[in-house]
Engineer: 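Starting off with a structure, shown below.
Proteins get letters first, then strands, A, B, ... in listed order; numbering begins at 1 in each. Values below: all heavy atoms of this structure, side chains included; hydrogens, waters and symmetry mates excluded. Here the structure is a predicted model, which is why all the values come from computation and not from measurement.
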Amino acid sequence: MIKITFPDGSVREYEAGITGLDIAKSISNSLARDIVSVSVNGTNLDATRPIHTDATIKLHKFDDPEGKYAFWHSSAHLMAEALEALYPGVKFGIGPPIDNGFYYDVDLGEDRVLTDADLPDIEAKMSELAKQKNDYQRQEVSKQEALDYFSDKGDEYKLELINELEDGTISFYQQGNFVDLCRGPHIPNTGFIKALKLTSIAGAYWRGDENRKQLTRVYGITFPKKSMLDEYLEMLEQAKERDHRKLGRELELFMFSNRVGQGLPIWLPKGAALRERLENFLRSVQRKHGYQQVITPHIGQKELYVTSGHYAKYGKDSFQPINTPAEGEEFLLKPMNCPHHCEIYNSKPRSYKDLPIRMAEFGTVYRYEQSGELHGLTRVRGFTQDDAHIFCRPDQLKDEFIKVIDIILYIFKVLDFNDYTAQISLRDPGNKDKYIGTDENWEKAEAAIIEAAEEKGLHTTVETGEAAFYGPKLDFMVKDAIGRKWQLGTIQVDYNLPDRFELEYIGSDDHRHRPVMIHRAPFGSMERFVAVLIEHTGGKFPLWLTPDQVVVLPISEKYNDYAQKVLNYLNNCDIRTLIDGRNEKIGRKIRDNELLRIPYLLIVGENEQNEESVSVRRQGEGDKGTMKLKEFEQYLNKEIDKLLLY
RNA sequence: GCCGAUGUAGCUCAGUUGGUCAGAGCAGCUGAUUUGUAAUCAGCAGGCCGUGGGUUCGACUCCCUCCAUCGGCUCCA
């Protein structure tokens, strides 16, 4: 007998060799029907794996992340089985579970192309196979057996994967006629998969390497219940409604023009007003934190970027130099603000007493992004960074870094971004050629970031190999409406640029020293930040930020004069107010302005005119009752102040 | 840049096997209505069917080029 400990601490005894599934059955049959995998001593395993020794276990349903992992992993195998049945000879790359579903990379051969039209057939085959309730059977194999199997099959992708595995750790899983190299775990049988949808087809380079063959990637998602698939599809529909590209057009915030050029956003009046307000907000925060604003030109001599190292790294993949007509000079559209700021630093001798110097600029930069990468406002070719560079002494580095974290967290709090993650990006020690700078400086910089993040108690993930080429960084990421992650704020330590520009200060010892630089942008770029803000709020911006705060709706044209009086009064109080004086019924005006997400609708007619009052309606909430004008002004200012009171 | 898809009026979309198929709703304009908390009614106007080629007696419809957009991949100072 063995002792099995459950998450609640209770212990039961079972025969050695019992499976997680049997344990579930011993509790209840209905539970057993929902169990898709089991964690044994912290390792996620098949629910059908025998347990031979005392263990702590946790039974996973689909609702658990571990359960989803197994469920979608098994679904990928089911799809592969369907693909093999429909397209004999297909070769398989990898087929992992992902955040929302799974994919499988396949090679169909030279002359076969998969398109969206093929998806229903594959889905039908998968459903057919799922109904057979075939068990997922695990088999441990030797490396040689594994190699033999896939060389017989002629699948060079699997052979490549097997060659990187160690003998004795290799397992196959089989369901129906399909066998795959896989570590597991898997669900008990295909019958668990009750609802499925293949979502898209894409190209994906084998092993993520653009120099290798491009495989066909098929994405899908599955559920143990039909209703869950419906809910998921419904959620996707709702997410589409929040898409910043759609809302940007509907709320007239920004546009693109092919004549102007792809990836070059154009800010419309309302969008520009919103952005300006965000910039002023940050300016004011930065002023309080000892930053000074500077302004630098949009182009700079090529030599500037040769000095900074950016030209060597990005020159040939960037917008090409602008040539002068006569002297043969070359200028680059600025892709970065930092070289300009270094020149400002260098414009006069600096003392250790002057440091830190914090130089801020809303600097517009231009980068040649690959055409396939452009995406709404989040990935563009011309954008404005809320950039700043902090030049400080090495002994000030960690403090300054922490102060920047404080600013970013403050901004996130004011704007109600609570669901962010922080990522520390370090260099890949196995690939040092990708980076510039000395080992010693890298080590110092990475240590400073890790310590600062720890000191602020940030929950961070560490990504090796994700650093910028000149230094490590701390990035703040948030998710958009459909769960895609975007990097917003960033803080980067840089020892290299001060070297390259030979930045110096005179220390208390009367000797020359090299300052350290911090690059930082709390929003990242105004474009991306506004995009994420649009999706985060669904276009319902905070009152202090929104382009139009109030719209006055006269019941009929007879009350347009009174509406104008209300408008004048509010505009005098610095409340951004419009009138909807159209010859339409009040219901119509309410509907149209609700859809424009204007926070307050003021309905005025006979009664309001007589009492010098307004009937207040909050967007999305409905009628708030009647108030005197003065009262409404105070009511609004209370809401505006509350939002800035952090 | 690569793989796949898409591109018809300002927006959202119909357009059957190539042959009065250039349409609808919303938005816009004009008129009527003067309205009390999410769409008043009527009329009018609006499109070189993304671009450039080709096939055909005839192309929105078929083929190719290019451009742009969408979903991914790669990239992201």
Engineer: Describe the nucleic acid contact of A204(A) in one word from base, sugar-phosphate, nothing, applying a heavy-atom distance below 4.0 Å.
Structural biologist: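 Sugar-phosphate contact only.
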Engineer: Looking at the base of rA38(B), is there any donor atom on it, or on the side chain of E594(A), that sits under 3.5 Å from an acceptor on the other one?
Structural biologist: yes
Engineer: On a whole-Å scale, what distance lies between the P atoms belonging to rU40(B) and rG23(B)?
Structural biologist: 28 Å
Engineer: Can you figure out which of rG36(B), rG4(B), rC73(B) approaches the side chain of E608(A) most closely?
Structural biologist: rG36(B)
Engineer: Which part of the nucleic acid, if any, lies within reach of K585(A) when heavy atoms closer than 4.0 Å are counted: base, sugar-phosphate only, or nothing?
Structural biologist: base
Engineer: Looking for any heavy atom pair under 4.0 Å, which part of the strands does V113(A) touch: base, sugar-phosphate only, or nothing?
Structural biologist: sugar-phosphate
Engineer: Would you mind telling me which of rA77(B), rU34(B), rG36(B) lies closest to the side-chain atoms of K558(A)?
Structural biologist: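 Looking only at heavy atoms from C-beta outward on K558(A), the closest nucleotide is rU34(B).
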Engineer: L595(A) or H310(A): which one's nearest nucleotide on RNA chain B is closer to the 5' end?
Structural biologist: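 Closer to the 5' end of RNA chain B: L595(A).
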Engineer: If you look at every strand shown and take non-hydrogen atoms under 4.0 Å, does I555(A) touch a base, only sugar-phosphate, or nothing?
Structural biologist: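 Since a base atom lies under 4.0 Å of I555(A), the category is base.
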Engineer: Under 4.0 angstrom, heavy atoms only, what part of the nucleic acid is F256(A) near: base, sugar-phosphate, or nothing?
Structural biologist: nothing
Engineer: Centroid-to-centroid, W486(A) to H375(A), below 6.0 Å?
Structural biologist: yes
Engineer: Given rG4(B), rA77(B), rG36(B), which nucleotide is nearest the side-chain atoms of S615(A)?
Structural biologist: rG36(B)
Engineer: Nearest 0.5 Å please: distance from the CZ atom of F362(A) over to the CG atom of L282(A).
Structural biologist: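 The CG atom of L282(A) is 4.5 Å from CZ of F362(A), to the nearest 0.5 Å.
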Engineer: I'd like the P distance from rG72(B) over to rG43(B), given in whole Å.
Structural biologist: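 About 45 Å, rounded to a whole number of Å.
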Engineer: Given rU12(B), is OP1 or OP2 found less than 4.0 Å from the side-chain N or O atoms of R249(A)?
Structural biologist: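 So the side-chain polar atoms of R249(A) do come within 4.0 Å of the phosphate oxygens OP1 or OP2 of rU12(B), strictly under.
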Engineer: Does Q214(A) make a side-chain N or O approach to OP1 or OP2 of rC73(B) shorter than 4.0 Å?
Structural biologist: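 No, outside the criterion.
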Engineer: When we call it a touch if two heavy atoms are under 4.0 Å apart, what does N593(A) touch: a base, just sugar-phosphate, or nothing?
Structural biologist: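 Result for N593(A) = nothing.
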Engineer: Can you tell me how far P in rC76(B) sits from the matching atom in rG15(B), rounded to whole Å?
Structural biologist: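 Roughly 43 Å separates the two P atoms.
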Engineer: Of the nucleotides rG72(B), rA77(B), rG4(B), which has the atom closest to the T115(A) side chain?
Structural biologist: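 From the listed options, rG4(B) comes nearest.
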Engineer: For the base of rA38(B), is there a side-chain donor-acceptor partner from R617(A) under 3.5 Å away?
Structural biologist: yes
Engineer: Please give the nucleotide sitting opposite rG58(B) as a Watson-Crick or G-U wobble pair, both distances under 3.5 Å, or none.
Structural biologist: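 Check on rG58(B): unpaired, no WC or wobble geometry under 3.5 Å.
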Engineer: If pairing requires Watson-Crick or G-U wobble contacts with both distances under 3.5 Å, which nucleotide is the partner of rG4(B)?
Structural biologist: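 Pair assignment: rG4(B) / rC70(B).
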Engineer: If only side-chain N and O atoms of R245(A) are considered, is one of them under 4.0 Å from the OP1 or OP2 phosphate oxygen of rC70(B)?
Structural biologist: yes
Engineer: Assign Q262(A) to base, sugar-phosphate, or nothing according to its heavy-atom contacts below 4.0 angstrom with the strands shown.
Structural biologist: sugar-phosphate
Engineer: Rounded to the nearest angstrom, tell me the gap between atom CD in E611(A) and atom C1' in rG36(B).
Structural biologist: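 My rounded result for the distance is 14 Å.
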Engineer: Centroid separation under 6.0 Å, is that true for the rings of Y157(A) and F92(A)?
Structural biologist: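 Between F92(A) and Y157(A), the centre distance exceeds or equals 6.0 Å.
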Engineer: Mark yes or no for a side-chain to base donor-acceptor pair under 3.5 Å between Y205(A) and rG1(B), with no hydrogen or angle criteria applied.
Structural biologist: yes
Engineer: When you check the side-chain N and O atoms of K334(A) and T296(A), is any donor under 3.5 Å from an acceptor?
Structural biologist: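 Yes.
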Engineer: Side chain of Q370(A), heavy atoms from C-beta onward: which of rA77(B), rG36(B), rC75(B) has the nearest atom to it?
Structural biologist: rC75(B)
Engineer: Which part of the nucleic acid, if any, lies within contact of G372(A), taking any heavy atom under 4.0 Å across all strands shown: a base, the sugar-phosphate backbone alone, or nothing?
Structural biologist: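 Base, at least one base atom sits under 4.0 Å.
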Engineer: Could you tell me how far apart R582(A) (CZ) and rG31(B) (P) are, to the nearest whole angstrom?
Structural biologist: 17 Å
Engineer: Taking pairing as Watson-Crick or G-U wobble with both contacts under 3.5 Å, can you name the mate of rU51(B), or confirm there isn't one?
Structural biologist: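 Because no pair has both required distances under 3.5 Å, rU51(B) counts as unpaired.
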Engineer: Is the phosphate of rG1(B), meaning OP1 or OP2, less than 4.0 Å from a side-chain N or O of S371(A)?
Structural biologist: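 Checking rG1(B) against S371(A), a side-chain N or O does come within under 4.0 Å of OP1 or OP2.
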Engineer: Could you work out the separation of rA9(B) and rG50(B) based on their C1' atoms and round it to a whole Å?
Structural biologist: 14 Å
Engineer: Under 4.0 Å, counting only non-hydrogen atoms across every strand here, what does G208(A) touch: a base, just sugar-phosphate, or nothing?
Structural biologist: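 Counting heavy atoms under 4.0 Å across all strands, the contact made by G208(A) is with sugar-phosphate only.
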Engineer: So does H375(A) get a side-chain nitrogen or oxygen closer than 4.0 Å to the phosphate oxygens (OP1/OP2) of rC76(B)?
Structural biologist: no
Engineer: So for R379(A) and rC75(B), does any side-chain atom that can act as donor or acceptor lie under 3.5 Å from a complementary atom in the base?
Structural biologist: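 Such a pair is found, so the answer is yes.
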Engineer: Compute whether any side-chain donor of one residue and acceptor of the other, for T490(A) and Q492(A), lie under 3.5 angstrom apart.
Structural biologist: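 Yes - a donor-acceptor pair under 3.5 Å links their side chains.
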Engineer: Any side-chain donor-acceptor pair under 3.5 Å between Q320(A) and S318(A)?
Structural biologist: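 No donor-acceptor contact under 3.5 Å links the two side chains.
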Engineer: Give a yes/no answer on whether the side chain of R591(A) brings an N or O atom under 4.0 Å of OP1 or OP2 in rC26(B).
Structural biologist: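 Checking rC26(B) against R591(A), no side-chain N or O comes under 4.0 Å of OP1 or OP2.
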Engineer: Can you check whether K589(A) has a side-chain N or O nearer than 4.0 Å to OP1 or OP2 of rA39(B)?
Structural biologist: no
Engineer: Expressed in angstrom and rounded to an integer, what is the separation of I590(A) atom CD1 from rU40(B) atom P?
Structural biologist: 11 Å
Engineer: C1' atom, rC11(B) versus rG31(B): distance in rounded Å?
Structural biologist: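 Roughly 25 Å separates the two C1' atoms.
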Engineer: Salt-bridge test for R582(A) and D592(A): reply yes if a basic N is under 4.0 Å from a carboxylate O, no otherwise.
Structural biologist: yes
Engineer: Within 45° of the axis and under 6.0 Å from the centre of the six-membered ring of Y600(A), does NZ or CZ of R618(A) qualify?
Structural biologist: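 Output yes; distance and angle both within limits.
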Engineer: Using heavy atoms to find the nearest nucleotide of RNA chain B for K473(A) and E606(A) separately, return the residue whose nucleotide is more 5′.
Structural biologist: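 The residue whose closest nucleotide sits nearer the 5' end is E606(A).
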Engineer: Under 3.5 Å, is there a donor-acceptor pair linking the side chains of N593(A) and D580(A)?
Structural biologist: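 Present: a donor and an acceptor within the cut-off.
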Engineer: Name the pairing partner of rG23(B), where a pair is Watson-Crick or G-U wobble with both distances under 3.5 Å, or state none.
Structural biologist: rC13(B)
Engineer: Ring of Y314(A) versus six-membered ring of rA77(B): centres under 5.5 Å and planes under 30°?
Structural biologist: yes
Engineer: Does the structure show a Watson-Crick or G-U wobble partner for rU30(B), both distances under 3.5 Å? Name it, or say none.
Structural biologist: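 Its partner is rA42(B) (Watson-Crick or G-U wobble, both distances under 3.5 Å).
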Engineer: Looking at rC76(B), I'd like to know if its phosphate oxygens (OP1 or OP2) sit under 4.0 Å from a side-chain N or O belonging to Q487(A).
Structural biologist: no
Engineer: For rC41(B) versus rG54(B), give the span between their P atoms, rounded off to a whole number of Å.
Structural biologist: 49 Å
Engineer: On a whole-Å scale, what distance lies between the C1' atoms belonging to rA32(B) and rG18(B)?
Structural biologist: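 Approximately 46 Å lies between the C1' atom of rA32(B) and that of rG18(B).
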Engineer: Mind checking the C1' distance from rG58(B) to rC62(B)? Whole angstroms is fine.
Structural biologist: 13 Å
